[in-house]
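Read through the structure below, which is laid out as structure tokens, and then see the notes.
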Amino acid sequence: MIDFLQFINEVLWGSVLIYLLLGAGIWFTFRCGFVQLRYLKQWRSLICPPQAPDKSGISPFQALCTSLAARVGSGNLTGVALALTIGGPGAIFWMWVVAFIGMATSFAECSLAQLYKSRDSEGNYRGGPAWYMDRGLGMRWMGVMFSVFLMLAFGLIFNAVQANSIASAVNHAFAIPRTWVGILLVILTGGVIWGGLRGVARLSQYLMPFMSVAWILMSLYVVALHIERLPDVVTLVIKSAFGWHQAASGALAFTLSQAITTGFQRGMFSNEAGMGSTPNAAAAASAWPPHPAAQGLVQMFGVLIDTVIICSATAAIVLFSGMLDGGTTNAGGVALVQIALSSMIGSWASGFIAFIVFLFAFTSIVANYAYAENNLFFLRKNGPFALVLFRCLALVMVMFGTLSPLPLVWQLADVAMAFMAMTNLSAILLLSPVVRDLARDYLRQQRLGVTPVFDPNRFPEIKSQLAPGVWEAPSTTKPRR
């Protein structure tokens with residue numbers, strides 16, 4: 001069974017999706033006029049707007065932190081280490097390339113999520129790929145299919161995988177039994193997810209900046225200690241990126257194909273651009289300026305933070321240790337990061353990495369669950385009994401993940417995520433004329449020197465598809481806090 005699922009994943013991720021994701025990113029890069037380069041100077045005003053947003057949604061900063069909480073998981077350590085060992089040091093270069101391309105895809109899907117969002121019965125914003133498949137394409141069946149894939153992958157299976165990473169790291173560093181780690185995780189996770197998306201957003205806005213800065217500062221400390229290696233590391237990355245690096249034996253350590261394929265795959269897994277997960281957080285935001293493209297720009301910066309900054313921090317720790325100078329190493333995964341950091345700053349690095357893995361994976365668990373619960377609302381299965389049942393199932397999977405090896409469920413999650421990505425990419429490509437119109441409208445108003453405001457009357461063909469009252473006038477409904 002595992003071998004069969006692995007074969008399916010190799011076909012989907014190695015052939016179909018890598019070209020589909022890459023093609024979509026290039027398409028939206030040109031379709032939106034290289035949106036990645038136009039608005040970098042505005043990131044601060046978009047994330048922390050001068051005017052208080054509409055109370056129906058979470059703040060742009062909370063939405064960004066929530067999406068980063070889901071993106072930044074144990075894969076930012078383990079995934080990067082695997083990329084460096086399988087594809088060579090040059091894989092990090094191709095991760096940067098795919099991040100640049102993926103920023104345009106993220107802009108497209110998150111702008112659409114903002115445009116087609118609606119309010120639930122309590123006045124809170126809800127939206128995501130399922131909503132724009134339903135309203136924008138008129139294909140509710142497609143939204144239902146996407147929601148099921150997302151709930152399985154993000155709500156249940158991936159959380160077991162993240163919990164397993166936490167249990168392994170904590171047990172290795174502190175010899176704490178997995179059972180106790182699992183009980184603690186269930187208690188902490190339950191306390192957060194019972195607060196819904198707003199509870200996850202409040203936690204994320206504090207934890208995400210702290211843990212990201214802590215990891216980045218550690219990498220900068222390592223680089224400062226070994227600054228004399230900087231020219232060698234840069235040369236190693238560039239040579240390996242194009243298959244020029246040679247091992248000590250004189251044979252090519254890594255081929256160009258290995259570097260590109262591994263870098264693209266790990267980068268796509270890390271930043272989730274095009275997967276359809278991030279739009280669930282983007283739709284819940286009250287964007288400022290009040291234009292769908294504003295939240296698309298905010299989430300575009302999330303790709304940059306996740307892949308170019310945080311993943312590069314992990315790569316710097318491994319590369320500056322010198323463990324890959326010869327081309328190969330026996331260590332892999334998070335063990336490679338632990339060994340690399342310990343060799344440079346001492347044995348306490350193992351405990352520090354366990355702490356970082358705990359924070360990264362825990363925030364991913366609660367954010368992934370919030371995405372899944374959001375899609376319960378789309379399926380109209382959000383009654384009290386269904387919500388409690390789904391939350392309990394999520395907690396059971398967290399406990400299961402801490403106690404069990406997960407090769408089968410990991411393969412199942414990859415299959416579910418692959419179908420989720422293909423469904424979402426098909427939808428946003430079909431809606432690419434709408435994305436183009438949103439980008440042009442935002443840019444037009446900026447050129448006029450006015451605050452961009454979305455006026456649905458300018459787009460009569462889109463207006464009829466929008467949820468009533470979301471864009472026409474401010475809501476008088478008081479949302480639950």
Side-chain angles (χ1 to χ4, degrees), residues 21 24-25 28-29 32 35-49 57-73 75-76 79-80 95-96 98-114 127-129 154 197 200-201 203-213 215-216 266-288 292-314 359-360 363-364 366-368 370-371 374 421 424 428:
L21 283 163
F28 284 112
T29 295
C32 300
V35 66
Q36 306 99 312
L37 302 176
R38 287 182 180 273
Y39 301 101
L40 286 177
K41 294 181 180 179
Q42 300 179 25
W43 68 271
R44 185 173 180 180
S45 61
L46 288 166
I47 295 171
C48 302
I58 60 179
S59 71
F61 181 68
Q62 287 178 326
L64 176 63
C65 289
T66 302
S67 67
L68 282 173
R71 284 185 177 119
V72 180
N76 285 72
V80 173
M95 288 180 72
W96 296 335
V98 81
F100 175 79
I101 296 170
M103 288 171 73
T105 310
S106 184
F107 169 81
E109 62 182 352
C110 293
S111 296
L112 290 171
Q114 265 286 304
F154 279 75
L197 181 58
V200 173
L203 175 74
S204 300
Q205 73 175 334
Y206 296 112
L207 272 187
M208 270 309 306
F210 168 74
M211 69 188 197
S212 300
V213 170
W215 188 240
I216 293 166
R266 290 299 93 191
M268 291 168 186
F269 267 112
S270 176
N271 60 54
E272 298 181 11
M275 301 292 181
S277 53
T278 304
N280 291 273
S286 296
W288 185 264
Q295 186 57 210
L297 294 172
V298 168
Q299 297 300 337
M300 185 180 73
F301 299 137
V303 176
L304 186 73
I305 294 169
D306 171 83
T307 307
V308 178
I309 297 178
I310 298 178
C311 287
S312 296
T314 302
L359 292 179
F360 280 16
T363 54
S364 287
V366 296
N368 287 346
Y371 290 171
N374 185 54
N424 180 60
I428 63 174

From [atom1] ([X]) to [atom2] ([Y]), nearest 0.5 Å:
| X | Y | atom1 | atom2 | result |
| --- | --- | --- | --- | --- |
| T363 | M211 | OG1 | CE | 3.0 Å |
| Q62 | S67 | CD | OG | 12.0 Å |
| F360 | L68 | CZ | CG | 10.0 Å |
| I309 | I305 | CD1 | CD1 | 5.5 Å |

>> For a side chain to side chain donor-acceptor pair (under 3.5 Å) check, start with the C-alpha distance between Q299 and T278, then their side-chain angles and the critical distance, and finish with the verdict.
In response: CA-CA 8 Å; Q299 297 300 337; T278 304; 5.3 Å; no

Are any of the side-chain heavy atoms of [X] and [Y] separated by less than 4.5 Å?
| X | Y | value |
| --- | --- | --- |
| I428 | T105 | yes |
| S106 | F301 | no |
| L359 | W215 | no |
| P279 | L112 | no |
| P60 | Q295 | yes |
| P129 | N280 | yes |
| M208 | T66 | no |
| V80 | M95 | yes |

>> Could you walk me through whether V35 and M103 satisfy the side-chain contact (heavy atoms from CB on, under 4.5 Å) test, starting with their C-alpha distance in whole Å, then the side-chain angles of each, then the deciding distance to 0.1 Å, before giving a yes or no?
In response: CA-CA 8 Å; V35 66; M103 288 171 73; over 6 Å; no

[X] to [Y] - nearest heavy-atom pair and separation:
| X | Y | answer |
| --- | --- | --- |
| A70 | N368 | CB-OD1, 3.6 Å |
| A285 | S59 | CB-O, 4.4 Å |
| A370 | V200 | CB-CG2, 3.9 Å |
| I58 | A281 | CD1-O, 4.4 Å |
| Q114 | A287 | OE1-CB, 3.6 Å |
| V303 | R71 | CG2-NH2, 3.7 Å |

Any donor-acceptor pair under 3.5 Å from [X] side chain to [Y] backbone:
| X | Y | result |
| --- | --- | --- |
| S364 | A69 | yes |
| S111 | A108 | no |
| D306 | G302 | no |

>> With no hydrogens and no angle check, just 3.5 Å: does a side-chain donor-acceptor pair link E272 and S277?
In response: yes

>> Can a side-chain donor-acceptor contact be found between T29 and Q36 if the only test is distance below 3.5 angstrom?
In response: yes

>> With side-chain contact (heavy atoms from CB on, under 4.5 Å) as the criterion, how do F100 and L37 come out once you've worked through the C-alpha distance, each side chain's angles and the decisive distance to 0.1 Å?
In response: CA-CA 9 Å; F100 175 79; L37 302 176; 3.7 Å; yes

>> Checking side-chain contact (heavy atoms from CB on, under 4.5 Å) between N271 and each of V72, N76, T307, V308, which is the one that passes?
In response: T307

